[in-house]
**Q** 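First, the structure itself, so that you have it in front of you.
In this text, all values refer to a predicted model and were calculated from it rather than measured experimentally.
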Amino acid sequence: QVQLVESGGGLVQAGGSLRLSCAASGRTFYIMGWFRQAPGKEREFVARISWTTGATLYADSVKDRFTISRDNAKNTMYLRMNSLKPEDTAVYYCGAVARYSSGRYYSDYDYWGQGTQVTVSS
């Protein structure tokens, strides 16, 4: 049974940092990524990483502030978020892709975690 479990969300002041984790179990994946969803908005792409090559892709809104990484031995993906802004406030979801795709779009993903809340106060 595939499980993705996120952790690390919380409340932080603008300019602060947080690190999210996503622990995967049940199988290996081609790509893993992070999406976020703010109240009243659609779920949007944040970043993704290739599990085999480590190649990364970021949304323009988080480039140079967020860093996605993975630990293959622990089957865990991370999102280091620096210089957080109030507009980064959202529920952050971990997703996993089981077959070849870009990992850039919501429809690419086969599995999702339950989400973790990130709130950035001004």
Side-chain angles (χ1 to χ4, degrees):
Q1 182 180 357
V2 173
Q3 276 196 314
L4 302 176
V5 180
E6 299 105 331
S7 60
L11 173 64
V12 64
Q13 289 189 328
S17 299
L18 282 174
R19 189 180 79 157
L20 305 183
S21 301
C22 174
S25 61
R27 62 164 293 163
T28 56
F29 301 102
Y30 181 71
I31 283 174
M32 291 187 71
W34 292 97
F35 281 66
R36 66 187 181 186
Q37 188 166 17
K41 295 189 176 181
E42 292 187 351
R43 193 172 298 193
E44 66 172 1
F45 171 76
V46 175
R48 68 94 168 120
I49 187 166
S50 166
W51 211 248
T52 51
T53 68
T56 59
L57 180 67
Y58 294 92
D60 288 343
S61 59
V62 306
K63 203 175 294 183
D64 300 325
R65 298 190 298 124
F66 291 10
T67 302
I68 190 171
S69 61
R70 92 281 195 219
D71 184 329
N72 292 54
K74 295 182 179 179
N75 225 24
T76 300
M77 175 180 64
Y78 304 97
L79 186 69
R80 177 67 180 182
M81 305 184 293
N82 295 329
S83 303
L84 282 161
K85 305 174 181 180
E87 50 264 44
D88 294 317
T89 295
V91 177
Y92 283 69
Y93 294 91
C94 162
V97 177
R99 63 204 183 286
Y100 177 80
S101 69
S102 70
R104 171 65 180 81
Y105 303 101
Y106 178 85
S107 59
D108 290 339
Y109 289 77
D110 300 291
Y111 304 97
W112 293 98
Q114 81 286 355
T116 186
Q117 177 70 47
V118 171
T119 303
V120 184
S121 63
S122 57

**Q** Can you see which heavy atom on Arg99 is nearest to which on Asp108, and at what distance?
**A** NH1-O, 3.4 Å

**Q** Of all the heavy-atom pairs spanning Leu20 and Tyr92, show the shortest one and how long it is.
**A** CD1-CB, 3.6 Å

**Q** Donor-acceptor pair, Asp110 side chain versus Ala98 backbone, under 3.5 Å?
**A** yes

**Q** Do you reckon Tyr109 sits in the same ILVMFWY cluster as Tyr93, going by side-chain contacts under 4.5 Å, direct or chained?
**A**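 Result: yes, single cluster for both.
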
**Q** With sequence neighbours left out, write down each residue that passes ring pair (Phe, Tyr, Trp, His ring centres under 6.0 Å) with Tyr106, or none if nothing qualifies.
**A** Trp112

**Q** Pair up each side-chain donor or acceptor in residues 113-122 with any protein partner under 3.5 Å, not counting sequence neighbours, and list the distances.
**A**
{"from": "Gln114", "atom 1": "NE2", "to": "Glu6", "atom 2": "O", "distance (Å)": "3.4"}
{"from": "Gln114", "atom 1": "NE2", "to": "Glu6", "atom 2": "OE1", "distance (Å)": "3.4"}
{"from": "Thr116", "atom 1": "OG1", "to": "Gly9", "atom 2": "N", "distance (Å)": "3.3"}
{"from": "Gln117", "atom 1": "NE2", "to": "Ala90", "atom 2": "O", "distance (Å)": "3.4"}
{"from": "Gln117", "atom 1": "NE2", "to": "Thr119", "atom 2": "OG1", "distance (Å)": "3.3"}

**Q** Taking side chain as C-beta onward, heavy atoms only, is Met32 less than 4.5 Å from Leu4?
**A**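 The answer is yes, as the side chains (C-beta and beyond) meet within the 4.5 Å cut-off.
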
**Q** Under the ring pair (Phe, Tyr, Trp, His ring centres under 6.0 Å) test, which residues partner Phe66, sequence neighbours left out?
**A**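 Expected list: none.
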
**Q** Tell me which pairs pass side chain to side chain donor-acceptor pair (under 3.5 Å) where either residue lies in residues 11-33, with sequence neighbours left out.
**A**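 Listed by first then second residue: Ser17-Asn82.
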
**Q** Is it true that Asp88 and Arg65 make a salt bridge, defined as a side-chain N closer than 4.0 Å to a carboxylate O?
**A** yes

**Q** Keeping the roles fixed (side chain from Arg48, backbone from Ala55), state whether a donor-acceptor pair exists under 3.5 Å.
**A**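 Here the side-chain-to-backbone pair exists.
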
**Q** So, using ring pair (Phe, Tyr, Trp, His ring centres under 6.0 Å) as the criterion, who are the partners of Tyr111 when residues are at least two apart?
**A** Phe29

**Q** Are Val2 and Trp34 joined in one hydrophobic group, where the rule is that I, L, V, M, F, W and Y side chains link up if heavy atoms are under 4.5 Å apart?
**A** yes

**Q** Among the clusters formed by ILVMFWY side chains lying less than 4.5 Å apart, do Leu79 and Val12 turn up in the same one?
**A** yes

**Q** To the closest 0.5 Å, what do you measure between OG1 (Thr53) and CD1 (Ile49)?
**A** 8.0 Å

**Q** Which pairs would a plain distance check flag for residues 39-47, meaning a side-chain donor or acceptor within less than 3.5 Å of a matching protein atom at least two apart in sequence or in another chain?
**A**
{"from": "Glu44", "atom 1": "OE2", "to": "Arg36", "atom 2": "NE", "distance (Å)": "2.6"}
{"from": "Glu44", "atom 1": "OE2", "to": "Arg36", "atom 2": "NH2", "distance (Å)": "3.2"}

**Q** Nearest heavy-atom pair of Ile31 and Ser101: which atoms, and what distance?
**A** CD1-O, 3.2 Å

**Q** Determine whether Leu57 and Val97 fall in the same hydrophobic cluster, where Ile, Leu, Val, Met, Phe, Trp and Tyr are linked whenever their side-chain heavy atoms lie under 4.5 Å apart.
**A**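 Yes, same cluster.
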
**Q** Between Lys63 and Asp60, does at least one N-O distance fall below 4.0 Å, as a salt bridge requires?
**A** yes

**Q** Without swapping roles, check the side chain of Asn75 against the backbone of Ala24 for a donor-acceptor pair under 3.5 Å.
**A**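 Yes.
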
**Q** Mind checking whether Tyr58 and Thr67 have side chains closer than 4.5 Å, heavy atoms only?
**A** yes

